[in-house]
Amino acid sequence: MRLFVFDTSLVCQALGIGENGLMVLTKRLGLSDMEKVDYWCSELVRQVGCECDYTLPSQEHGSDHAQLPNVNIEEGNRLILGNNVQISGKSRIDIKGKRNIVIICNDVRLSDSTILVQRDANIVVIGNRVLLRHVGLKISGGKSAFMMGRNATWVGGSGLCEAPERNVIVGNDCMFAQSVVLRTDDGHGIFSRTTGEQVNGPASVAVHEHVWLGNAVRVNKGAVIHRGSVLAAGSVVSGTVEPHCVYGGVPAHKIREDVTWSRTMQFEDIPELYR
């Protein structure tokens with residue numbers, strides 16, 4: 001396997017340490033190149049404080065990407081696929097720029113979905129048994145990360161990570177309905193007329209484990225949605241959502257506390273971990 005060239009400043013920013021310190025630490029631990037990627041991703045998730053699990057696969061696609069349908073990888077980037085990855089319909093993966101890594105783990109299904117990576121030193125991790133249907137992911141900020149934990153499902157919408165050094169982290173077992181949008185910036189600048197300074201700067205987004213986002217929920221820059229919560233259809237989230245609560249409205253406000261939710265109508269079908 002080729003040497004992975006990954007810009008460590010992404011993780012150093014999250015850890016608050018210098019790049020030399022991280023390189024010395026991983027060298028001291030005796031980690032292989034794939035283990036370093038795993039270590040850096042794990043540390044990034046740990047700093048966010050949510051559960052975002054994945055199993056790094058070993059199958060790499062670099063120069064042989066022409067054998068994969070609807071996949072375009074520019075030189076200097078890496079696509080790593082796990083076992084039983086299904087890429088169907090109008091799905092497409094485009095990796096442009098340099099030093100980008102896209103990792104799609106075991107049993108992932110991409111249906112009519114796109115992953116577009118632009119600029120340099122971004123990382124994308126789609127965890128085990130994730131379903132993306134009619135979803136468009138765009139990671140183009142440079143030194144940015146988009147990570148989605150195991151057993152998450154998303155059946156329509158967009159994940160936009162377009163600001164430099166800003167990340168979107170989605171925890172395990174989340175359920176996103178149709179037309180859900182997550183983004184790390186507003187797409188256009190708003191400035192003070194007096195100082196000329198931008199007043200709507202970008203910020204990372206964190207959706208913790210076992211969160212249900214209803215139809216047409218919008219998760220704005222800087223939002224943090226904690227474990228086990230539910231966002232009602234059409235809600236707009238810009239701040240912090242407390243764990244195990246129902247929120248709704250524009251802007252989203254707390255409606256109910258001390259809840260959990262099921263993918264069926266049965267309480268018994270909720271995994272013990274999230275009751």
Side-chain angles (χ1 to χ4, degrees), residues 50 52 54 69-71 84-95 102-105 107-118 124-141 144-163 166-187 204-221 223-225 228-238 241 246-252 261-265 269:
C50 74
C52 181
Y54 55 89
N70 301 323
V71 172
N84 195 32
V85 172
Q86 301 178 32
I87 303 175
S88 62
K90 298 180 181 178
S91 295
R92 183 169 182 84
I93 300 174
D94 281 292
I95 310 175
V102 175
I103 301 170
I104 301 178
C105 299
D107 303 307
V108 169
R109 290 180 289 164
L110 302 182
S111 176
D112 295 315
S113 295
T114 60
I115 299 175
L116 172 60
V117 181
Q118 297 174 316
V124 179
V125 178
I126 308 298
N128 301 53
R129 298 179 298 280
V130 165
L131 166 65
L132 298 179
R133 180 183 296 144
H134 301 292
V135 174
L137 302 181
K138 184 178 181 182
I139 301 89
S140 60
S144 296
F146 185 99
M147 300 180 65
M148 199 164 191
R150 59 176 168 80
N151 297 328
T153 59
W154 191 352
V155 294
S158 303
L160 305 176
C161 200
E162 299 178 290
R166 298 297 184 270
N167 315 308
V168 174
I169 309 296
V170 177
N172 301 333
D173 199 48
C174 286
M175 183 172 70
F176 297 173
Q178 297 174 338
S179 303
V180 168
V181 176
L182 288 73
R183 62 184 310 161
T184 58
D185 69 349
D186 294 329
S204 296
V205 170
V207 181
H208 288 232
E209 58 276 9
H210 195 63
V211 166
W212 174 11
L213 303 183
N215 286 344
V217 167
R218 182 184 179 102
V219 181
N220 287 337
K221 64 184 189 297
V224 178
I225 303 176
S229 285
V230 178
L231 272 296
S235 301
V236 177
V237 185
S238 297
V241 171
V246 177
Y247 278 67
V250 181
W261 60 270
S262 172
R263 291 178 182 267
T264 71
M265 300 301 289
D269 292 333

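Values below: all heavy atoms of this structure, side chains included; hydrogens, waters and symmetry mates excluded. For this chain, numbers begin at 1 and follow the sequence in order.
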Is any side-chain heavy atom of [Y] closer than 4.5 Å to one of [X]?
{"X": "I93", "Y": "N70", "value": "no"}
{"X": "V237", "Y": "V224", "value": "no"}
{"X": "L213", "Y": "I225", "value": "yes"}
{"X": "Q118", "Y": "K138", "value": "yes"}
{"X": "N128", "Y": "C105", "value": "yes"}
{"X": "N220", "Y": "V236", "value": "yes"}
{"X": "R218", "Y": "R183", "value": "yes"}
{"X": "V207", "Y": "F176", "value": "yes"}

Do N84 and D107 have side-chain atoms, one donor and one acceptor, less than 3.5 Å apart?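 Distance-only check passes for N84 and D107.
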Judged by modelled atom types alone, do T153 and R133 share a side-chain donor-acceptor pair under 3.5 Å?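 Absent: no donor and acceptor within the cut-off.
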Going from [atom1] on [X] to [atom2] on [Y], what distance comes out if it is rounded to the nearest 0.5 angstrom?
{"X": "S88", "Y": "L110", "atom1": "OG", "atom2": "CG", "result": "7.5 Å"}
{"X": "N215", "Y": "Q178", "atom1": "CG", "atom2": "CD", "result": "5.5 Å"}
{"X": "S229", "Y": "Y247", "atom1": "OG", "atom2": "OH", "result": "7.0 Å"}
{"X": "I115", "Y": "S91", "atom1": "CD1", "atom2": "OG", "result": "8.5 Å"}
{"X": "I139", "Y": "L160", "atom1": "CD1", "atom2": "CG", "result": "9.0 Å"}
{"X": "E162", "Y": "S140", "atom1": "CD", "atom2": "OG", "result": "4.5 Å"}

Got a sec: does the CZ of R92 have more than 12 other heavy atoms crowding it under 6.0 Å?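 More than 12 within 6.0 Å, yes.
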Walk me through whether V117 and D94 qualify under side-chain contact (heavy atoms from CB on, under 4.5 Å). CA-CA 6 Å; V117 181; D94 281 292; over 6 Å; no
Spell out, as yes or no, whether a donor-acceptor pair under 3.5 Å connects the side chain of [X] to the backbone of [Y].
{"X": "D173", "Y": "A152", "answer": "no"}
{"X": "S179", "Y": "A216", "answer": "no"}
{"X": "H210", "Y": "M175", "answer": "no"}

Is the distance between the ring centroids of H134 and W154 less than 6.0 Å?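 Aromatic pair excluded; centres sit 6.0 Å or further apart.
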Audit row: F146, V125, side-chain contact (heavy atoms from CB on, under 4.5 Å) steps and yes/no: CA-CA 6 Å; F146 185 99; V125 178; over 6 Å; no
Check L137, D112, T114, V108 against L132 for a side-chain contact (heavy atoms from CB on, under 4.5 Å) and give me the one that passes.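 Testing L132 for a side-chain contact (heavy atoms from CB on, under 4.5 Å) against L137, D112, T114, V108 leaves exactly one candidate, L137.
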Audit row: I104, V124, side-chain contact (heavy atoms from CB on, under 4.5 Å) steps and yes/no: CA-CA 8 Å; I104 301 178; V124 179; over 6 Å; no
Salt bridge check, D269 against R263: does any charged N sit closer than 4.0 Å to a carboxylate O?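 A salt bridge is absent here (no side-chain N lies under 4.0 Å from a carboxylate O).
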Which heavy atom in [X] sits nearest to a heavy atom in [Y], and how many Å separate them?
{"X": "R150", "Y": "N172", "value": "N-OD1, 3.1 Å"}
{"X": "G248", "Y": "A232", "value": "CA-CB, 4.0 Å"}
{"X": "A163", "Y": "S144", "value": "O-OG, 3.0 Å"}
{"X": "L231", "Y": "S235", "value": "CD1-CB, 4.1 Å"}

Please evaluate residues V168 and T184 with respect to the criterion side-chain contact (heavy atoms from CB on, under 4.5 Å), reporting the C-alpha separation (whole Å), side-chain torsions for both, the decisive distance (0.1 Å), and the verdict. CA-CA 7 Å; V168 174; T184 58; 3.6 Å; yes
